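Only one structure is covered here, and it is reproduced in the block below.
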Amino acid sequence: MVKKKSMRTDVCPECGSTEIVVDERHGETICAKCGLVIDEKLVDTGQEWRAFDHDQRMKRERVGASLTYMRHDKGLSTLIGRSGYAELYKFEPEKRKQIIKLRRWHKQILSATERNLRFALSELDRIASYLDLPRNIREEAAMIYRKAVEKGLVRGRSMESVVAAAIYAACRQHDAPRTLDEIAEASGIKKREIGRTYRFLTKELGLKLLPTSPIDYVPRFASALGLSGEVQAKAIQILKEAMKKELTAGRGPTGVAAAAIYIAATLCGERRTQREIAEITRVTEVTIRNRYKELIEKLGLEVEEEGEKTERKGVDILH
DNA sequence: AAGACGAAAGTGGTTGA
DNA sequence: TCAACAACTTTCGTCTT
């Protein structure tokens, strides 16, 4: 873990004390004597420790890169002509003028894009917090956004929609997909807009995007419904079987996932109503019913839940 | 009374000429 | 660019628990 050592602030500018303390919880560098906050830009390179289930634990594990893409300047800044005016007088007057001009120009551009970037990244963080996204996905999203800016892809569309699309893409890349609905709710951007920007982004940046598997949705949905790991496992098994038989092709992954969870829950005697599942998964009950019907038929499943006994009727996809 | 079921019409997005 | 199309939604009436 790298603790930030500030070049200029080893001594507190307020009281002159050299007791500078780094408060990692708040990301601040503080003078221990007078309490002055010297630097609050400290980058937390530590881990996000909170993990409530296996899924999150897997997702949150990471090995520390010390650079963060979430900071607008990655913690570093560059400027043309850092040296003082004395240096300038080595040049011809004409050349000197040019350099001064260039310097000013560069400064303006830099600060403008930096302002933009900073704003975009704070927006990104806001949305990511709302969605409770793990750190590595936030980083990924930030990096995608940064690339988009570099390629000038933000031009002609709103910064917010690009941020939302970047988050959507990052989630998918990490096999922890969020639905467009969820991102739309968190960002306040319309689904349609996000989807469009997302496709544009993936095309222009050449991001490899595989179609999402319904399985990726299971852990999140199931835990949101308060279902046990047993149900999750069963739902995933059902889905695997369904995918073999190409029952998922062309179907919305969330709908299929919802149906599988519905079936698994009833099989395990942890029944949830279609209404409840529909709400969490954001598909309608009708869709759940349709997928459910298909799954039951084509997989030869029988669902009767009378107590514990009838768990394995029909084909044993449960082994 | 609530949940499950399904028909019918409507919506937004994709595809192919 | 437009029409056809499939998946999904909305709405609503009926049956089941």
Side-chain angles (χ1 to χ4, degrees), chain A residues 156-158 160-162 164-169 171-172 177-204 206-218 220-222 224-227 231 234-235 238-239 241-311 313-314:
Chain A
R157 64 203 88 228
S158 76
E160 286 92 341
S161 71
V162 178
I167 290 177
Y168 181 66
C171 288
R172 285 183 61 153
R178 273 21 182 213
T179 62
L180 281 178
D181 271 304
E182 290 171 298
I183 299 200
E185 191 194 311
S187 65
I189 309 289
K190 289 206 190 88
K191 238 169 77 174
R192 193 162 162 266
E193 181 77 13
I194 300 174
R196 220 177 38 203
T197 311
Y198 165 72
R199 266 187 303 155
F200 179 72
L201 234 57
T202 49
K203 203 175 95 196
E204 295 297 318
L207 297 176
K208 42 178 181 160
L209 69 130
L210 315 162
T212 48
S213 158
I215 292 175
D216 292 331
Y217 286 107
V218 170
R220 222 154 44 78
F221 288 161
L225 284 159
L227 293 165
V231 176
K234 205 157 285 187
I238 290 170
L239 286 172
E241 206 62 33
M243 285 165 80
K244 265 188 218 151
K245 304 206 173 185
E246 300 188 331
L247 289 178
T248 56
R251 261 85 241 241
T254 49
V256 190
I261 289 172
Y262 179 67
I263 296 170
T266 35
L267 282 174
C268 293
E270 297 182 39
R271 181 158 208 146
R272 293 286 150 9
T273 64
Q274 292 178 356
R275 180 88 197 81
E276 288 173 299
I277 295 180
E279 201 167 321
I280 298 289
T281 60
R282 294 169 195 253
V283 296
T284 58
E285 299 168 55
V286 181
T287 304
I288 294 179
R289 283 199 286 274
N290 290 336
R291 296 295 88 80
Y292 159 81
K293 223 171 43 184
E294 289 169 7
L295 289 178
I296 296 289
E297 271 173 29
K298 305 269 172 67
L299 294 180
L301 273 174
E302 275 296 327
V303 182
E304 325 160 6
E305 25 85 55
E306 46 171 278
E308 316 287 301
K309 256 281 157 89
T310 53
E311 279 174 34
K313 277 229 151 190

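Small disclaimer: the values here were computed from a predicted structure and weren't measured. Convention: sequence-line order gives letters A, B, ...; per-chain numbering from 1.
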Worksheet item: So which nucleotide from B/dA4, C/dT10, B/dC5 ends up closest to the side chain of A/Y292?
Response: B/dC5
Worksheet item: At under 4.0 Å between heavy atoms, what does A/T287 touch on the DNA or RNA strands: base, sugar-phosphate, or nothing?
Response: base
Response to the item:
Taking B/dA4, B/dG6, C/dC8 as options, the one with an atom nearest any side-chain atom of A/K293 is B/dG6
Worksheet, complete the sentence: Among the nucleotides C/dT9, B/dT14, B/dA4, whichever has the atom closest to the side chain of A/R199 is B/dT14
Worksheet item: Would you say A/E160 and A/E193 make side-chain contact, with heavy atoms under 4.5 Å?
Response: no
Fill in: Between B/dA4 (P) and A/I263 (CD1): distance, integer Å
13 Å
Item to complete: Calculate the interatomic distance between A/R196 atom CZ and B/dG13 atom C1'; express it in whole Å.
Response: 12 Å
Worksheet item: Among the nucleotides C/dT11, B/dG13, B/dC5, which one has an atom lying closest to any side-chain atom of A/V286?
Response: C/dT11
Item to complete: Quick one: label A/G195 by what it contacts on the DNA or RNA (base, sugar-phosphate, nothing), any heavy atom closer than 4.0 Å.
Response: nothing
Worksheet item: Can you tell me how far CD1 of A/I189 sits from OG of A/S158, rounded to the nearest 0.5 angstrom?
Response: 4.5 Å
Worksheet item: What is the distance, rounded to the nearest whole Å, between atom CD1 of A/I288 and atom C1' of B/dG3?
Response: 13 Å
Worksheet item: Touch check for A/R291, heavy atoms < 4.0 angstrom, all strands: base, sugar-phosphate only, or nothing?
Response: sugar-phosphate
Item to complete: Take atom CD of A/E294 and atom C1' of B/dG6, then tell me their distance rounded to the nearest Å.
Response: 14 Å
Practice prompt. Give the rounded distance in Å between these two atoms: CZ of A/R271 and P of B/dG3.
Written response: 11 Å
Worksheet, complete the sentence: Between A/Y168 and the options A/T179, A/L180, A/T197, the side-chain contact (heavy atoms from CB on, under 4.5 Å) test singles out A/L180
Practice prompt. Could you tell me the separation between the CD atom of A/E297 and the P atom of B/dC5, rounded to a whole number of Å?
Written response: 12 Å
Worksheet item: Ignoring hydrogens and angles, does a donor from either the side chain of A/R275 or the base of B/dG3 sit under 3.5 Å from an acceptor on the other?
Response: no
Practice prompt. Could you check how far CD of A/E285 sits from C1' of B/dA2, rounded to whole Å?
Written response: 11 Å
Fill in: Atom pair distance, as rounded to whole Å: CZ in A/R251 and P in C/dA7
5 Å
Response to the item:
Closest to the side chain of A/R192, out of C/dT9, B/dG6, B/dG12, is B/dG12
Discussion item. Assuming nearest nucleotide by heavy-atom distance, tell me which of A/R272 and A/K191 is located more 5' along DNA chain B.
Written reply: A/R272
Practice prompt. Would you mind pulling out the nucleotide paired to C/dA6, Watson-Crick or G-U wobble, both distances under 3.5 Å?
Written response: none
Practice prompt. Would you confirm whether A/R291, through its side chain, and A/T248, through its main-chain N or O, come within 3.5 Å as a donor-acceptor pair?
Written response: no
Would you tabulate the side-chain donor-acceptor contacts of residues 275-285 of chain A under 3.5 Å, counting partners in other chains and residues two or more places apart, or write 'none'?
{"from": "A/E276", "atom 1": "OE1", "to": "A/T273", "atom 2": "N", "distance (Å)": "2.8"}
{"from": "A/E276", "atom 1": "OE1", "to": "A/T273", "atom 2": "OG1", "distance (Å)": "3.3"}
{"from": "A/T281", "atom 1": "OG1", "to": "A/I277", "atom 2": "O", "distance (Å)": "2.8"}
{"from": "A/R282", "atom 1": "NH1", "to": "A/E185", "atom 2": "OE1", "distance (Å)": "3.1"}
{"from": "A/R282", "atom 1": "NH2", "to": "A/E185", "atom 2": "OE1", "distance (Å)": "2.7"}
{"from": "A/T284", "atom 1": "OG1", "to": "A/T287", "atom 2": "N", "distance (Å)": "3.4"}
{"from": "A/T284", "atom 1": "OG1", "to": "A/T287", "atom 2": "OG1", "distance (Å)": "3.1"}

